[in-house]
Structures are given as structure tokens and as C-alpha cells.
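Data first, discussion second: the structure below is written as C-alpha cells.
In what follows, chains carry the letters A, B, and so on, assigned in the order in which the sequence lines appear, proteins first and then strands, with residues in each chain numbered from 1.
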Number of protein chains: 2
Amino acid sequence: MTSHENLWMRPEHPARGPRPTFSRVRLTESAIQVADSEGLAAISMRRLATEIGAGTMSLYRYVSGKDDVIELMIDAVVADYIPPDLVLSGDWRADLRGLADRVRQVMLRHPWIAPLSGTRQQPSPNRVRMLDTALRMVDGLGLSFNEMLTVIGTVFAYVNGFVESELAEAEALRRTGLDLMEWMTLQGPYLQSVVASGRYPMVARMLTEGGRDYVDVGDRFAYGLERLLDGIAARLPEAGA
Amino acid sequence: MTSHENLWMRPEHPARGPRPTFSRVRLTESAIQVADSEGLAAISMRRLATEIGAGTMSLYRYVSGKDDVIELMIDAVVADYIPPDLVLSGDWRADLRGLADRVRQVMLRHPWIAPLSGTRQQPSPNRVRMLDTALRMVDGLGLSFNEMLTVIGTVFAYVNGFVESELAEAEALRRTGLDLMEWMTLQGPYLQSVVASGRYPMVARMLTEGGRDYVDVGDRFAYGLERLLDGIAARLPEAGA
DNA sequence: CAGAAACCGAGTACGCCGTACTCGGTATGA
DNA sequence: TCATACCGAGTACGGCGTACTCGGTTTCTG
């Protein structure tokens with residue numbers, strides 16, 4: 001138990017000794033690349049070592065285990081949630097919407113992060129930076145500090161939940177390997193039996209007339225987000241109520 | 001490639017041959033019990049086999065692999081989302097709130113399911129049943145079918161996202177093994193350096209005056225849910241707008 | 001009622017995984 | 001210059017999911 005167990009306090013290397021051949025950023029970049037193209041399951045210490053041309057156990061000179069690698073990956077992606085040149089507009093609603101949209105876009109580019117960021121939320125440099133920015137967005141609205149945290153937490157809960165399910169939808173299609181037709185062929189018999197049972201009329205309607213007035217997934221995301229912001233706005237102190 | 005690859009269409013056993021010693025429900029119950037008390041990571045085919053007193057490979061007579069076990073676990077828990085004696089009140093808002101509250105309670109009892117249900121959403125008997133019930137809740141409000149699906153999807157996105165993060169919070173404390181004090185001691189040095197840097201004044205405020213007006217986690221859940229329902233209600237066709 | 005067919009449960013084995021421990025070689029600070 | 005501290009790599013262990021195989025038992029068929 002050294003004095004700093006935390007990854008973010010542990011220096012990457014001691015002052016003494018030979019120059020290190022690799023680096024945490026190198027490791028992190030490779031890991032993100034692998035996870036982006038082959039999924040989180042493809043990440044293993046052996047695989048990452050091979051990827052950067054190192055011996056497997058050499059990685060343990062840079063991180064204390066696989067958990068650290070995951071933490072580094074998350075922090076690196078979270079950095080993108082807040083653009084470096086971001087300036088707040090002063091309109092909390094526009095700012096929050098902008099953040100939510102951007103988070104969604106980044107999450108869609110890195111499909112492995114939504115499930116992780118819901119589960120893991122240790123403080124890390126870029127998460128701290130993002131939280132600070134998000135808090136500034138809702139500052140000065142007459143909310144107490146914990147109310148501000150509640151508002152932000154609510155928005156993030158929605159964004160995370162939505163994107164997770166959005167990705168699951170896409171993944172379900174990709175897992176079977178092919179397109180929607182293939183999926184229907186696979187699940188078809190079961191769904192037909194559901195319809196035929198007559199016990200689930202609403203689902204039956206969904207399966208028969210479901211594709212009629214298709215709602216774009218981006219529009220669905222925006223709908224929920226705007227309804228949430230509507231509800232929040234209506235209860236703001238300045239709004240009277 | 002048999003004619004029914006789907007788990008839910010595959011009969012548990014052929015008509016011929018000796019009586020099976022175990023069953024899917026037995027397997028599922030053991031798996032849920034293990035996951036509840038030791039986490040999802042504790043689930044392995046060897047472990048489950050030991051648990052029910054079977055040879056490891058015997059399990060493969062009942063399921064086609066670990067994926068099937070997970071699917072069975074999810075479906076069994078989802079069954080609890082809708083109480084058997086549930087009757088709809090006719091008040092869509094009360095019904096939706098009741099469902100959301102219950103889903104949260106069930107998820108808190110089975111901490112492993114929130115991350116899974118976000119990622120996996122294959123149709124299974126109890127998920128179909130739940131979806132049908134949820135759709136009935138928002139039927140007759142003048143919404144198109146896909147608008148109804150959008151409303152329900154929005155609420156579930158929020159619930160799932162919130163509970164996932166709620167559990168992550170609790171898990172982060174439990175992972176270090178002990179209570180909040182222990183966590184603070186561990187993360188303390190890093191957080192202090194964050195405050196000391198002066199670059200994140202809002203986070204600094206949070207860490208210093210954060211515990212002042214504590215908001216109960218149940219109240220935070222209710223807050224977000226009610227704001228979401230507010231926003232949805234305001235845009236209902238009957239509401240004019 | 002007898003025989004054949006079908007199926008059960010279990011064992012063995014393969015290729016993955018994370019990582020603890022160890023050691024020869026090398027760059028650094030005194 | 002040389003002792004020290006550290007680097008990169010190798011080996012090994014216990015665990016994982018699951019493909020394949022086989023002896024014994026049960027059920028259906030005639």
C-alpha cells in the first residue's frame with residue numbers, strides 16, 4: 001500500500017533508470033483502436049502487447065493491470081466530450097443540449113464506452129473537467145449545488161441509457177452478421193408464435209404495422225432530451241411555478 | 001443450423017430418452033443466486049455446475065452455452081417488472097411511474113441486470129409481456145404507434161441509465177471494501193490535487209460544500225422521472241400546445 | 001416382452017485469459 | 001568508473017468457455 005494507489009497520482013515512470021520504450025498514451029491509443037474495431041472483448045493484455053510490439057508482462061511496467069487500461073481508455077474518450085475551444089453560451093438549455101448531442105456522437109464512435117461509463121465512474125482528469133464544465137452550464141439558475149448535480153445527473157442518465165440501447169439495437173443486427181432481413185428470419189418463428197398466441201395484441205400490432213411511420217433514431221434521442229429539458233425548465237426557480 | 005436456433009423456440013428436451021436430472025429453471029435460479037451475492041463475474045459454467053451438483057459439460061444439454069444462461073437470467077428477472085396481478089389504472093402517468101419505480105426496485109435487488117439489460121435486448125417471453133403492458137399504458141393518448149414506442153423507450157432509457165449509475169456509485173464504495181471514509185482516503189490525494197489546481201472551481205465547491213444539503217437517491221430518481229413525464233405530458237395531442 | 005434407438009451425464013483436452021515471480025542486460029547518478 | 005535502479009521479457013499457474021467422446025440408462029417400436 002504505497003502512498004498513492006490511485007492511477008492518476010502514480011507517475012508513469014520513476015526518475016531513475018533507463019528510458020522507457022513505450023508509454024501509457026501509446027498503450028491507450030492501441031487499446032481504443034482495437035476496441036473500436038473489434039469490440040471490448042478483443043482487449044487482452046497479450047493482444048495489446050502484440051499490438052505495440054512488447055512482451056506481455058512489459059505492460060505491467062506502465063499500468064498495474066487491465067483495470068488501469070480500461071480506466072485510461074475511458075478517460076481518453078471522455079476528453080472528447082468537451083471540445084477544447086468550448087465557450088458557454090449563457091443559455092443553459094442550449095449548452096446542455098450541445099453537450100448531450102456531442103456525448104452521444106462520441107459514444108457512437110466508441111461503442112464500448114457507453115456500457116463502461118455507466119458502470120465505472122471513478123474520478124479521472126477528463127471526467128473532472130467535464131463535470132466542472134457541466135456544472136458551469138447550470139450555474140446561476142437559482143439551484144442549490146446538489147440540485148445542480150441532480151439536473152446534470154438526470155441528463156446524463158438519459159443520454160447514457162438511450163445510447164446504450166441504441167447501440168444494443170445496432171449490435172443485435174451486427175451480431176447475427178447481416179442485415180435486418182437476416183434478423184427477422186432468425187427471430188421470425190418466435191415472434192410469429194408471439195403474435196399467434198393472441199396474448200400480446202400491442203406487440204402484435206407493433207410487428208405488423210411497426211415500420212409504417214418510421215421515427216429516426218436521432219429524432220427519438222432529441223425527443224426524449226427535449227422533453228426532459230422541458231420538464232426541468234418548468235421547475236426552475238425563475239420560472240415561478 | 002436447425003429450424004429453430006432461438007433459445008425460446010428450442011424445447012428444453014426431446015421427447016425420447018431418459019428423464020433429465022436437472023432443468024433450465026434450476027440452472028437459472030442458481031445462476032441468479034450466485035450473481036446476486038457474488039456478482040456477474042462469479043458466473044461460470046464450472047461454478048454453476050458445481051452449484052447444482054452436475055458435471056460441467058452436462059449443462060450443455062440444457063443450454064447451448066453461457067449466452068443462453070445469461071438470457072435465461074435476464075428473462076427471469078424481467079418477469080418481476082410486471083406483477084402478475086397488475087391492472088392498469090387508466091392514468092398513463094401513474095401507470096408509467098409505477099412501472100419505473102418497480103423496475104428500479106427489481107434492478108437494485110439484482111445489481112447485475114442493469115448493465116446487461118441495456119446491452120442485451122433480444123425478445124424473450126417476459127420482455128414481450130412487459131413491452132405489451134407498457135404499450136397498453138400509453139395507448140389511447142392520440143399517439144401514433146411509433147410515438148408510443150418512443151415515449152416508452154425514453155422512460156426506459158432514463159430508468160436504466162439512472163439505476164446503472166446508482167449502482168456504480170454503491171459498487172465503487174463496496175469495491176474498496178469499506179465505507180465512504182475509506183474511499184475518501186483512497187481518492188483523497190488526487191481530489192485534493194484537483195481542488196488545489198484551481199482549474200475546476202465548481203468541482204472544488206462540490207467537494208467542499210457537497211454534503212451540505214444532501215438529496216436522497218430515491219428523490220433524485222423521482223425528480224428526473226417526474227420532469228420527464230412533465231415534458232411528455234405537455235406535448236401530448238390532447239394537451240393542445 | 002425384447003431389442004434397438006435415443007439420449008443422459010460425465011470426462012478429457014485445447015486454446016484462451018490475467019498476472020505473480022524471476023532474471024539478464026542497460027542506462028543512470030554518485 | 002561502478003554500484004544501483006530499472007527495463008523488457010520469459011515462464012508458469014489457476015481459471016475460463018466449450019468441442020468431442022463414451023459408457024450406461026431409459027424409452028419407444030414391433
Side-chain angles (χ1 to χ4, degrees), chain A residues 1-2 4-5 7 10-28 30-31 34-35 38-74 112 116 119-120 175, chain B residues 1-2 4-5 7 10-28 30-31 34-35 38-74 112 116 119-120 175:
Chain A
M1 192 187 265
T2 73
H4 29 233
E5 317 212 17
L7 165 66
R10 203 167 46 238
E12 187 161 351
H13 286 286
R16 289 282 289 275
R19 283 286 146 71
T21 315
F22 317 105
S23 70
R24 279 185 188 163
V25 297
R26 172 101 183 268
L27 189 53
T28 308
S30 285
V34 170
E38 302 177 44
L40 194 63
I43 298 276
S44 79
M45 296 306 270
R46 284 172 172 82
R47 171 65 191 275
L48 290 182
T50 306
E51 205 74 22
I52 68 176
T56 304
M57 294 318 290
S58 306
L59 302 187
Y60 288 84
R61 295 269 171 202
Y62 299 83
V63 293
S64 70
K66 191 179 180 179
D67 262 23
D68 274 8
V69 175
I70 304 289
E71 216 61 45
L72 286 167
M73 291 171 69
I74 295 176
W112 44 271
L116 281 184
T119 308
R120 304 240 197 169
R175 187 201 307 240
Chain B
M1 193 188 267
T2 73
H4 29 234
E5 319 211 17
L7 164 67
R10 201 168 47 238
E12 186 161 353
H13 286 285
R16 289 280 288 275
R19 283 286 144 73
T21 315
F22 316 105
S23 70
R24 279 184 189 165
V25 296
R26 172 102 184 267
L27 190 53
T28 308
S30 285
V34 169
E38 303 177 42
L40 194 62
I43 298 276
S44 77
M45 297 306 269
R46 284 172 173 83
R47 171 65 189 273
L48 290 183
T50 306
E51 205 74 21
I52 68 176
T56 303
M57 295 318 289
S58 305
L59 303 187
Y60 288 84
R61 295 268 170 203
Y62 299 82
V63 292
S64 70
K66 190 179 179 178
D67 262 24
D68 275 7
V69 176
I70 302 290
E71 217 62 43
L72 285 166
M73 292 171 68
I74 296 176
W112 44 271
L116 282 183
T119 309
R120 306 242 196 165
R175 187 202 306 242

B:Tyr62 side chain vs B:Leu27 backbone, donor-acceptor pair below 3.5 Å: no

Quick one: which of B:Arg120, B:Arg61, B:Arg10 gives a salt bridge (charged side-chain N to carboxylate O under 4.0 Å, His left out) with B:Asp68? B:Arg10

Between atom CG in A:Leu48 and atom P in C:dC16, what is the gap in whole Å? 16 Å

Return no unless some side-chain N or O of A:Thr21 is found under 4.0 Å from OP1 or OP2 of D:dG8. yes

Nearest-0.5 Å distance that lies between atom CD1 in B:Ile52 and atom CZ in B:Arg26: 5.5 Å

Would you give the length of the straight line joining atom CG of A:Leu48 to atom NZ of A:Lys66, rounded to the nearest 0.5 angstrom? 8.5 Å

Send over the distance from B:Tyr62 OH to C:dC8 P, rounded to a whole Å. 7 Å

Where along nucleotides 14-24 of chain D does protein come under 4.0 Å, by heavy atom, of base (B) or sugar-phosphate alone (S), with - for untouched nucleotides? --BBBBB----

For residues B:Leu7 and B:Asp67, determine if any side-chain heavy atom of one lies less than 4.5 Å from a side-chain heavy atom of the other. no

